[in-house]
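Following: one structure in structure tokens, then a few remarks.
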Amino acid sequence: GEDGQVKSWSRNGMFRAHLAQAEGAVYTLCWSAESEQILFSSGKHLVIRPLTPSSKQTMWKAHDAPVLSAEWNAVNNLIVSGGEDCKYRVWDCYGRQLYSSIANEYSICSVAWAPNGRYFAVGSFNMLRLCDKTGWSHSRDAPEVGSLMTLAWTADSTQLAAGTGSGAVLFGQLVHREISCGHLEVRQEEPHSLTVLNVTDDSREDLQFKDRVTEMSLSSDHLVVITATQACIYSTTNWNTPHIVELRGTASLILQCSRHFLMVDTINGLQVLNYDGRVVSQPKFQAMRPDALSTLNVGYAPDLIAVIGHADPKVVILLDPLTGRQLGTVQHTIDIEQVALSQRGDLSKRRLVIIDKNRDLYLTPVQGAQELYKLHIMVDSVAWNDETDALAAVADGLLLVWFYPEVVYMDRELLSSTLSRQSGGDWGKTAEIVDFRNTRVQVRRSDGAIVCAWVSPYPSILERFCANSEWEPALRLCRYVKSNELWACLAAMAISGKELHTAEVAYAAIEQVDKLLYMCHIKELPTIEARESELLLFRRRMPEAIQVLVQGGWIYRAIKMCIRLYQWEKAFDLARQHQQHVDTVLLYRHKYLV
């Protein structure tokens with residue numbers, strides 16, 4: 001209230017606790033996503049107060065005049081506020097400003113996040129504005145109803161109600177939405193219909209629905225449309241006979257891959273369906289909150305689902321989409337804010353990238369020994385290519401494309417050589433990658449405009465050759481293009497494919513003489529196990545290299561490898577375990593000490 005006090009009450013009206021005494025009037029208050037903190041205004045300031053005892057509160061000056069309205073979204077964990085200074089602003093959960101609007105004509109009376117976290121509404125005197133989560137405006141309306149005092153969204157984030165100072169209740173509905181994929185564009189201009197345009201031949205399909213459309217997702221093969229009561233699954237080659245699934249809850253998220261798609265609704269939670277409409281599985285994990293799932297905290301691939309843990313944001317939970325079972329976890333040291341899964345290959349080749357709250361980008365395999373490798377810092381957005389292993393990111397106004405991120409597990413010194421940098425100009429701090437398909441990267445700038453950037457087609461062609469073990473065409477391509485980036489990619493791909501001759505040629509082309517000589521040394525080794533172990537050692541996988549030699553019966557070579565690497569304890573343990581060459585280890589150790 002205006003007395004500056006914040007109090008809590010039970011549902012039956014019993015007084016519970018006096019939570020805070022603010023310096024100014026408290027005009028707005030809301031809960032955090034986990035209901036463990038409260039956000040309230042104190043005059044010109046916003047305050048985040050944890051409910052746990054002896055925890056410090058966060059307080060910052062949010063506006064130049066009293067704050068009138070604020071809301072905290074559970075999906076994107078962002079805060080939007082409006083004040084008497086006629087501005088609305090977007091903050092992160094630490095009080096850092098992400099966006100500030102220009103001054104409007106009148107005070108901002110109300111703000112409200114859509115439940116899906118993609119946009120928010122702003123109300124003022126005779127003004128209703130729809131804004132993207134990054135702050136730029138989708139649309140502005142001027143109803144003659146006085147001040148919009150309060151705003152409320154429906155659960156499907158498509159309809160809005162506003163209580164006004166004139167006593168009228170205002171209703172609004174989202175229309176004019178567009179999604180595109182390849183040569184197809186889907187537009188919603190009416191609540192109950194969609195228009196599909198094929199830009200290659202200018203053909204047009206009009207799709208009619210008995211209920212209003214609330215959500216849609218388009219891939220190269222399928223269009224999934226969610227209405228108030230149904231899910232309609234179309235093949236892009238047949239718009240006449242969709243598969244229809246009856247829905248009980250409100251769907252909030254759709255993610256597609258080649259074999260099936262993921263859907264989140266308010267009744268069933270997280271579920272995986274095939275394109276015939278049959279439910280494949282309903283994955284669950286401890287403390288799962290389906291209403292908080294979004295494209296940022298869910299990664300989806302044909303054989304894996306990665307979800308940031310709701311109970312512990314430092315953990316990524318890995319789930320099998322076919323059975324719903326938990327396959328494992330990926331542990332990080334600080335909170336994770338975004339995840340993405342590569343789309344190509346099987347589970348053994350699947351790679352996960354994460355962005356933590358420091359905006360550092362890490363890469364890790366999802367199977368075996370999970371080793372987080374830092375790729376870059378201050379990353380705003382990241383996306384995998386839909387057909388290749390290329391990874392794109394926006395960082396510091398640059399578009400970065402790693403043509404073969406797997407190089408960090410083959411020869412990480414080549415990482416910078418396989419990286420393409422393009423200047424983004426004035427993209428802004430909140431630029432976001434919309435799509436990375438073939439050689440085109442679509443980026444939404446901080447002002448909402450979508451711009452396209454192009455990357456070289458040659459790395460994807462090279463990757464296809466190497467995946468099929470067509471090493472001669474790969475060499476001819478590199479000789480034709482004469483690019484150091486391409487030669488570096490080929491060197492790493494040849495190491496991955498154990499093709500020593502091609503690796504030798506590639507290292508020679510980029511003048512890596514030491515590695516060239518090492519490839520020649522490996523080629524001259526007499527046994528398969530010796531070559532395999534030296535190649536693993538080159539990839540910095542020493543335990544596996546020693547294991548290959550031991551399993552092949554080459555105990556002396558394994559001991560000698562440990563000695564070469566000055567792993568004296570490991571060498572001594574091997575010698576004692578197999579009861580041979582103990583004196584050799586002691587001799588080399590004595591020579592080393594002397």
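In this chain, residues are counted from 1 in sequence order.
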ask   = Between Val307, Val272, Leu304, Leu327, which is the residue that forms a side-chain contact (heavy atoms from CB on, under 4.5 Å) with Leu319?
value = Val307

Is [X] salt-bridged to [Y], going by a charged N under 4.0 Å from an acidic O?
{"X": "Arg445", "Y": "Asp447", "value": "yes"}
{"X": "Arg576", "Y": "Asp573", "value": "yes"}
{"X": "Glu544", "Y": "Arg539", "value": "no"}
{"X": "Glu337", "Y": "Arg359", "value": "yes"}

Would you confirm whether [X], through its side chain, and [Y], through its main-chain N or O, come within 3.5 Å as a donor-acceptor pair?
{"X": "Gln343", "Y": "Leu341", "answer": "yes"}
{"X": "Arg350", "Y": "Arg344", "answer": "yes"}
{"X": "Arg540", "Y": "Tyr409", "answer": "no"}
{"X": "Asp132", "Y": "Trp136", "answer": "no"}
{"X": "Glu463", "Y": "Thr388", "answer": "no"}
{"X": "Thr364", "Y": "Leu352", "answer": "no"}
{"X": "Ser446", "Y": "Trp427", "answer": "yes"}
{"X": "Ser420", "Y": "Val401", "answer": "no"}
{"X": "Ser281", "Y": "Pro321", "answer": "yes"}
{"X": "Asp303", "Y": "Leu347", "answer": "yes"}

Which distance, rounded to the nearest 0.5 Å, do you find between the [atom1] of [X] and the [atom2] of [Y]?
{"X": "Ile433", "Y": "Leu391", "atom1": "CD1", "atom2": "CG", "value": "8.0 Å"}
{"X": "Leu536", "Y": "Ile546", "atom1": "CG", "atom2": "CD1", "value": "10.5 Å"}
{"X": "Leu372", "Y": "Ile354", "atom1": "CG", "atom2": "CD1", "value": "5.0 Å"}
{"X": "Arg557", "Y": "Ser533", "atom1": "CZ", "atom2": "OG", "value": "7.5 Å"}
{"X": "Asn274", "Y": "Phe261", "atom1": "CG", "atom2": "CZ", "value": "8.0 Å"}

key: Tyr300 and His260: CA distance, side-chain angles, deciding distance, ring-ring contact (aromatic ring centres under 6.0 Å, His included) verdict   = CA-CA 10 Å; Tyr300 188 47; His260 35 70; 5.8 Å; yes

[Y] and [X], any side-chain heavy atoms less than 4.5 Å apart:
{"X": "Val224", "Y": "Glu215", "result": "no"}
{"X": "Thr430", "Y": "Asp380", "result": "no"}
{"X": "Tyr507", "Y": "Tyr518", "result": "no"}
{"X": "Asn268", "Y": "Val279", "result": "no"}
{"X": "His376", "Y": "Trp402", "result": "yes"}
{"X": "Glu472", "Y": "Leu475", "result": "yes"}

message = One pair to check against side chain to side chain contact (heavy atoms under 4.5 Å, CB included): Glu511 and Trp487. What are the steps and the verdict?
response = CA-CA 10 Å; Glu511 298 180 355; Trp487 279 115; over 6 Å; no

inquiry  = Assess the residue pair Gln422 and Val441 against the criterion (side chain to side chain contact (heavy atoms under 4.5 Å, CB included)); give the C-alpha distance rounded to whole Å, side-chain angles, the decisive distance to 0.1 Å, and a yes or no.
reply    = CA-CA 11 Å; Gln422 296 183 36; Val441 185; over 6 Å; no

message = Looking only at the side chains, is there a donor atom on one of Tyr275 and Gln256 sitting less than 3.5 Å from an acceptor on the other?
response = yes

request  = Would you please test Asp389 and Glu406 for side chain to side chain contact (heavy atoms under 4.5 Å, CB included) and show each step?
outcome  = CA-CA 8 Å; Asp389 282 335; Glu406 193 71 10; 5.7 Å; no

key: Candidate pair Gln442 and Arg444, rule side chain to side chain contact (heavy atoms under 4.5 Å, CB included), full reasoning   = CA-CA 7 Å; Gln442 286 183 301; Arg444 182 182 284 113; over 6 Å; no

